[in-house]
Protein chains: 2
Amino acid sequence: MNDKIAFGATYAPMGAEVAVHDCPADGAVPRDLDGGFFSVGADLQYPLSPGNIAFDGEGHVRVFRFQQGRVDYRSRFVRTQRYVAQDAARRLLMPMYRNPLCDDPSVAGLSRSTANTHVIHHRGRLLALKEDSLPVALDLESLETIDPVYDFGGQLPHGTPFTAHPKICSHTGNIVAFGGEAGGPGSDAIALFEIDRQGRKVWEAQIRAPYAGMIHDFAVTEHYIAFFVVPLLFDGERMQRGLVPYSWDGSRKSYLGVLRRHGDGKDIRWIATPTCGGSHTLGSFDDGGRLYFDREISPSNPYVVIPNRDGSAYDAAGGTSYLYRISLDLKNSAAVVEFEQLYPLIAPLPRQDDRYQTVPYRYGYMGCPAPDDPVRWKPVCYARIDHQTRHYVLWKAPADVSLGEPLFVPKHSAAREGEGYLLGVGWHHSDGLRSDLYIFDAEHVGEGPLATVHLPVQAAPQIHSWWVGGQEYPQRSAVAQVDAKA
Amino acid sequence: MNDKIAFGATYAPMGAEVAVHDCPADGAVPRDLDGGFFSVGADLQYPLSPGNIAFDGEGHVRVFRFQQGRVDYRSRFVRTQRYVAQDAARRLLMPMYRNPLCDDPSVAGLSRSTANTHVIHHRGRLLALKEDSLPVALDLESLETIDPVYDFGGQLPHGTPFTAHPKICSHTGNIVAFGGEAGGPGSDAIALFEIDRQGRKVWEAQIRAPYAGMIHDFAVTEHYIAFFVVPLLFDGERMQRGLVPYSWDGSRKSYLGVLRRHGDGKDIRWIATPTCGGSHTLGSFDDGGRLYFDREISPSNPYVVIPNRDGSAYDAAGGTSYLYRISLDLKNSAAVVEFEQLYPLIAPLPRQDDRYQTVPYRYGYMGCPAPDDPVRWKPVCYARIDHQTRHYVLWKAPADVSLGEPLFVPKHSAAREGEGYLLGVGWHHSDGLRSDLYIFDAEHVGEGPLATVHLPVQAAPQIHSWWVGGQEYPQRSAVAQVDAKA
């Protein structure tokens, strides 16, 4: 499960790959912004099959490329094995979300990845992620697909699931990742791996979850890894019936699981908590004795597209999530999990300064409805939250705009936490979803954007985003060299 | 001068390069349509300079690629020398239509082509044309620019103007072309050349016009070449003042000029006619003794963006053109030019079955306002005209749509005249100019489209179009081979 498809225009299908050169802008695009603002979302290659859900759209990657105050835009469908096979057949061949029983026989053995959920940078490539499959590797400049089944040089067996929300260790830069249902659909196994900056797998382990189901995100701290599992259960009966093979079981508890990093996984502890839902981590850390795990939590099933196992109707209020701090005394084996709501903001897509993913951090950023907005699922504000003061500031977008997940970009490599820019895309509902990119001083979000970059068309759909600094690109392209001379 | 910029949405700037794979369609796309429907129009790289006109936008080429009932769409800005230099400088460097006095010194010696008016096929390449410059050669599949100054292997000196409306000889397939102002801005010289299918220049000559000005189109028959020049005069004073260097002089006559093909040009005869305007040829032929030259004619200045030299305001009725047959008795040196209005339809962009460009022909196709439409410049109908019966049929587009120039495609290489498909693009004014491609049986245009292909975005601007049959492509791409197997 990825995200709330009904959450504003950020998930609206687009269907066209687009390039715009030297996008027009109001205001001054900061000249020290050098790099790429990459996003991916679920778009439609062919119309969804009856009963399928929009989370199963094909990955469409886009980038706003910043150089010396100039912004170029480009988007491309990811050429997953699924996309390429469907393009040749001119129809869907994997027509149901995470249900291989519905696949056309011709695609047996191909990766089922849609690569539609998140993108990260690794060794000069962009990795497009879908939690049920290995990553897809893309070229940073062209967005062309280089490897539709990126197995880190043969270190991860084909078929390995790889979370869409790996963490970057704040100390080492290593990727820490997991794979849910690691033994196949309905498996309660979770695979864990850590990959260093040179691409070497430096740790792996396997644990078991309290039940088989969807685990969308997790937490990594300096010394620990934590999961918060919610009862979005695998549903074999639905799989057999050719449906999306998940349902919500409100009779089951949620669980916090904690294990040490770099151990063998046998120390995993699962601690039951009241039933609740939610998907995304904001940040997490430990102080040696206590784990802090900040994430969005909803009272019950967060996804309108996933049925309740007891047959009850979707509860919109119960599916609405707020930011909580989950904490646990790690020294006390009898300790209970503590929950603290942090802010009165609906915010299912919170982000932090990504340099602080595994250590104590202060700031968060998110799109959210205005506190007085009756349209609860339409994000029309960007919020910057400050855990030190427990205050937040809001910027409200123009009246016809809904916003995508924002992304923080450090101003330079030595910038202090939160010193940098906040980037976010808005879709104009009254102008055919034509889109703008807003660029804020991340320390003054409430003052509105420093610059607004205009696209002539709708931006490609967006779930999650990543920043790749210019110095991380493998080499400047010929075009970029020409630009640099100008 | 190219076309009427205010004539519907077909000239609306777009700004984004787009690719759409396997476009959705209503109805059945004919499986025997194999090839590319190429168009070009004037788009904006940077906003026009004050006083400049939209005819000076940068060429943006697009193609609907048909294979086995599938349609793929792609568009690219032409990488003219001008575009590339401006992209590097991030600003206009040739800021005024056909006025080199306004150019930035850095672009001295570069081609001034915008490549925005017409496209034709030549030896497996697409040539993008602008009447003041040599063609730009593009790859048929990718639309990448291969040669920004295509001089036919060194046979045409750099700086040679090359009309946007060359004719293809119906007998030989040779390209017959001319260049106006061949001696530089304000020159009354017209260069003539014929290039065979192997790319060899097989004929050239030079003549002089009655005055220096804009000559947008011409006529080629089996034995003759004809011009109809209208007093869109070069205006040196306006050039010196940094303006578009043309104005309309209603005190000057129009002229029909006729010369023999393959002669030395000295036989050119210019015959004065009443002053009138208009730009485009529909078709032309001779029967040995008489020349027939079918074209659109307006009573006076056809372009709202070109001032009248006498300071009078633009006359919209006087600028409205209808189809006329101009004819001349070639045996009688004292003969006058005869004019006959053919149809009561406003139609500045008429097209024929292009296999009949230099021989007698029967059918024409054009976008036009509905006869009862008060918005005279908005083409909402496609007309098929039949010179044999002097009747026409109309198809009227949906209420919010305006149409671009239509293009006839023969059903197969041995198809009789008019046996084939008519292709045309419509822009939805009430849906952000989102566009559809209409595919008609060209013999039953009045019955409406066989299929309607949907783009998710605005189609790139269109002035003129060309068909390239699949057998004319140099080789099938790897993608096409995959498709063919499916």
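Hydrogens, waters and symmetry mates play no part in the numbers below; they use all other heavy atoms, side chains included. Every chain is numbered from 1 and lettered A, B, ... according to where its sequence line falls, protein lines coming before strand lines.
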Legend entry - Heavy-atom pair count under 4.5 Å with chain B, highest-scoring of A:Leu455, A:Leu433, A:Asp22, A:Asp431: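 Looking at each option in turn, the highest pair count goes to A:Asp22.
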
Legend entry - Best-contacting candidate, B:Gly432, B:Pro456, B:Ser75, against chain A by heavy atom pairs under 4.5 angstrom: B:Pro456

Legend entry - Sequence neighbours excluded, every pair satisfying salt bridge (Lys or Arg N to Asp or Glu O under 4.0 Å) that has a member inside residues 10-19 of chain A: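 Sorted result for residues 10-19 of chain A: A:Glu17-A:Arg76, A:Glu17-A:Arg79.
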
Inset, instruction - Measure A:Val457 against the heavy atoms of chain B and call it side chain, backbone, both or neither at under 4.5 Å. - result: side chain

Inset, instruction - Name the orientation class of the two ring planes belonging to B:Phe77 and B:His60 (parallel below 30°, tilted from 30 to 60°, perpendicular beyond 60°). - result: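 The arrangement is parallel - the two ring planes meet at less than 30°.
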
Legend entry - Those residues that, when tested against A:His158, pass side-chain contact (heavy atoms from CB on, under 4.5 Å) (two or more places apart): A:Leu134, A:Val149, A:Asp151

Legend entry - Engaged part of B:Tyr73 at the chain A interface, taking heavy atoms whose separation is under 4.5 Å: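 Contact with chain A is absent: no heavy atom of B:Tyr73 under 4.5 Å.
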
Inset, instruction - Tell me, please, whether B:Tyr97 has B:Arg112 positioned over its six-membered ring: NZ or CZ under 6.0 Å from the ring centre and within 45 degrees of its axis? - result: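 No.
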
